[in-house]
**Q** 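I'd like to ask you about the structure that follows.
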Amino acid sequence: MPQRIHVVPYDPNWERLFKEESALIGQILGPNLDCIHHIGSTAVFGLCAKPIIDILPVVFDLSAVDGQTGAFWAAGYEAMGEFGIPGRRYFRKGGDRRTHQLHIFEKTNVQEIERHLAFCDYLRAHPEKADEYGALKRRLAAQYPDSIDRYCDGKDQFVRRTERAALLWRRGQTGAAFLNK
């Protein structure tokens, strides 16, 4: 059965679900875990989303994560490797009724980490952009309820444009140094 695209109104429980799952991820990764972030639409207050909690754990040694695949499997996660982003380990939980996604990066992968964090921070700071994104997601979910590929393709231009704006905005917030690391 293909993944059904279901966009729902913001749910304040998403933050609690993130914290609960973060504790489990912390147990699995142990001392290899540097920090952990709630990313994606469920991390932006008021933004509608597919009810899937995206989590970005930052680790000291990415190769050590590969040795923990069994522990992730025991916790209900499916290991997907890099899954299109070099230097990432992607895990998903819940199969076609996905509940959580992990995007694990090594601490040295500043560009990918900052890209993900800047996008969420930008939407939090610019509610009109979050509203625009929410409207787009609702429209695409209605148009392509059974095609995750078409849904994602439909968001791609908005996400890329907003990511660029977010990184420029973040430069102004924190200085340009983070992009040069």
Side-chain angles (χ1 to χ4, degrees), residues 3 5 14-15 17-44 47 49-124 133 137 148-168 170-171 174 177-181:
Q3 180 183 355
I5 310 306
W14 290 337
E15 185 63 27
L17 294 171
F18 160 72
K19 289 177 182 176
E20 290 172 1
E21 200 70 11
S22 292
L24 173 63
I25 301 310
Q27 290 174 353
I28 294 171
L29 293 173
N32 190 28
L33 180 65
D34 178 51
C35 57
I36 193 162
H37 302 278
H38 188 183
I39 62 169
S41 295
T42 62
V44 179
L47 181 57
K50 294 188 320 279
I52 301 169
I53 309 300
D54 284 285
I55 301 173
L56 192 158
V58 178
V59 297
F60 295 105
D61 180 5
L62 189 62
S63 65
V65 173
D66 295 333
Q68 296 169 308
T69 299
F72 280 109
W73 182 83
Y77 282 94
E78 176 185 11
M80 303 297 293
E82 289 184 330
F83 204 64
I85 299 179
R88 170 177 76 166
R89 294 300 179 271
Y90 175 72
F91 294 83
R92 61 188 183 192
K93 186 176 196 176
D96 289 337
R97 298 182 190 273
R98 194 161 312 141
T99 59
H100 297 81
Q101 300 179 133
L102 305 179
H103 311 265
I104 305 175
F105 291 99
E106 190 167 272
K107 187 176 182 171
T108 57
N109 195 341
V110 174
Q111 184 174 353
E112 285 295 333
I113 295 166
E114 290 298 330
R115 179 176 71 84
H116 284 85
L117 297 179
F119 186 80
C120 287
D121 289 346
Y122 185 81
L123 291 178
R124 287 182 193 112
Y133 189 37
K137 292 191 313 170
I148 188 67
D149 292 334
R150 286 188 167 168
Y151 173 82
C152 290
D153 288 347
K155 295 188 319 174
D156 189 61
Q157 186 178 23
F158 177 91
V159 170
R160 288 180 189 270
R161 187 176 62 246
T162 304
E163 249 179 30
R164 284 191 301 272
L167 289 168
L168 290 171
R170 187 145 179 170
R171 262 188 216 165
T174 62
F178 85 92
L179 288 176
N180 298 321
K181 290 182 183 177

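Computed from a predicted structure; not experimentally measured.
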**Q** Find out whether His100 and Ile25 are in side-chain contact, i.e. whether some heavy atom of one side chain is under 4.5 Å from a heavy atom of the other.
**A**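 A side-chain contact is absent here, since even the closest heavy-atom pair is not under 4.5 Å.
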**Q** Please report the interatomic distance CG(Leu168) to CD(Glu163), rounded to the nearest 0.5 Å.
**A**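 Reported value, rounded in 0.5 Å steps: 11.5 Å.
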**Q** Taking all atoms of both residues into account, what is the closest heavy-atom pair of Leu167 and Ala118, and its distance?
**A**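 Reported closest heavy-atom pair: CD2-CB, 3.9 Å.
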**Q** Do you know which two heavy atoms are closest between Leu24 and Ala75, and how far apart they sit?
**A**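 Heavy-atom minimum between the residues: CD2-CB, 3.9 Å.
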**Q** Look at the side chain of Gln68 and the backbone N and O of Ile28, then say whether any donor-acceptor pair between them is shorter than 3.5 Å.
**A**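 Pair found, side chain donor or acceptor close to backbone of Ile28.
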**Q** Name the orientation class of the two ring planes belonging to Phe18 and His38 (parallel below 30°, tilted from 30 to 60°, perpendicular beyond 60°).
**A**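 If you compare the ring of Phe18 with that of His38, the planes turn out parallel.
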**Q** In Å and rounded to the nearest 0.5 Å, what is the OG1 to CG distance from Thr108 to Leu62?
**A**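 Answer rounded to 0.5 Å: 8.5 Å.
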**Q** Thinking salt bridges, do Glu112 and Arg88 make one under a 4.0 Å N-O criterion?
**A**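 The answer is no: the pair does not qualify as a salt bridge.
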**Q** What's the shortest heavy-atom distance between Ala49 and Ser41, and which atoms?
**A**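 Smallest interatomic distance, heavy atoms only, reads CB-CB, 3.5 Å.
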**Q** Is the shortest side-chain heavy-atom distance between Ile5 and Ile148 below 4.5 Å?
**A**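 They are in contact (side-chain heavy atoms under 4.5 Å apart), so the answer is yes.
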**Q** Within this structure, what is the CZ-CD distance for the pair Phe105 and Gln111, rounded to the nearest 0.5 Å?
**A**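 These two atoms lie 10.5 Å from each other.
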**Q** Side-chain contact, heavy-atom cut-off 4.5 Å: Asn32 with Phe60?
**A**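 Yes, their side chains come closer than 4.5 Å.
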**Q** Hey, which of His37, Gln101, His116 is the one that makes side-chain hydrogen bond (donor to acceptor under 3.5 Å, both in side chains) with Asp54?
**A**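 Only one of His37, Gln101, His116 forms a side-chain hydrogen bond (donor to acceptor under 3.5 Å, both in side chains) with Asp54, namely Gln101.
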**Q** Do Leu47 and Tyr133 have side chains that approach each other closer than 4.5 Å (heavy atoms only, starting at C-beta)?
**A**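 With C-beta onward as the side chain, the pair touches.
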**Q** Side-chain contact test, heavy atoms from C-beta onward, threshold under 4.5 Å: evaluate it for Thr42 versus Ile52 and give yes or no.
**A**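 Side-chain contact under 4.5 Å: no.
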**Q** Which pair of heavy atoms, one from Phe119 and one from Val159, lies closest together, and at what distance?
**A**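 Shortest heavy-atom contact: CE1-O, 4.0 Å.
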**Q** Going through the distances and angles, do Ile53 and Thr99 end up as a side chain to side chain contact (heavy atoms under 4.5 Å, CB included)?
**A** CA-CA 6 Å; Ile53 309 300; Thr99 59; over 6 Å; no
**Q** Tell me, yes or no, whether the heavy-atom count around Arg161 atom CZ, taken from other residues, nucleotides or ligands under 6.0 Å, exceeds 12.
**A**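 Counting neighbours around CZ of Arg161, more than 12 heavy atoms of other residues, nucleotides or ligands fall under 6.0 Å, so yes.
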**Q** Specify the closest pair of heavy atoms between Glu106 and Ile113, including all atoms of both residues, with the distance to one decimal.
**A**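 Shortest heavy-atom separation between Glu106 and Ile113 comes out as O-CD1, 3.6 Å.
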**Q** Would you list the pairs meeting salt bridge (charged side-chain N to carboxylate O under 4.0 Å, His left out) in which at least one residue belongs to residues 17-40, sequence neighbours left out?
**A**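 Residue pairs with at least one partner in residues 17-40: Arg16-Glu20, Glu21-Lys93, Asp34-Lys107.
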**Q** Quick check: closest heavy atoms across Leu29 and Pro57, and the distance to 0.1 Å?
**A**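 Heavy-atom minimum between the residues: CD1-CB, 3.8 Å.
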**Q** Are the side chain of Arg124 and the backbone of Ala43 linked by a donor-acceptor contact shorter than 3.5 Å?
**A**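 Side chain of Arg124 to backbone of Ala43, a donor-acceptor pair under 3.5 Å: yes, one is there.
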**Q** Side chains of Glu78 and Trp73: does their closest heavy-atom pair fall under 4.5 Å?
**A**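 Answer no - side chains too far apart.
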**Q** Would you call Tyr90 and Ile85 a side-chain contact if the rule is heavy atoms closer than 4.5 Å?
**A**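 They are not in side-chain contact.
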**Q** Ignoring hydrogens and angles, tell me if any N or O in the side chain of Glu82 forms a donor-acceptor pair with the backbone of Gly87 under 3.5 Å.
**A**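 Judged by distance alone, yes, a pair lies under 3.5 Å.
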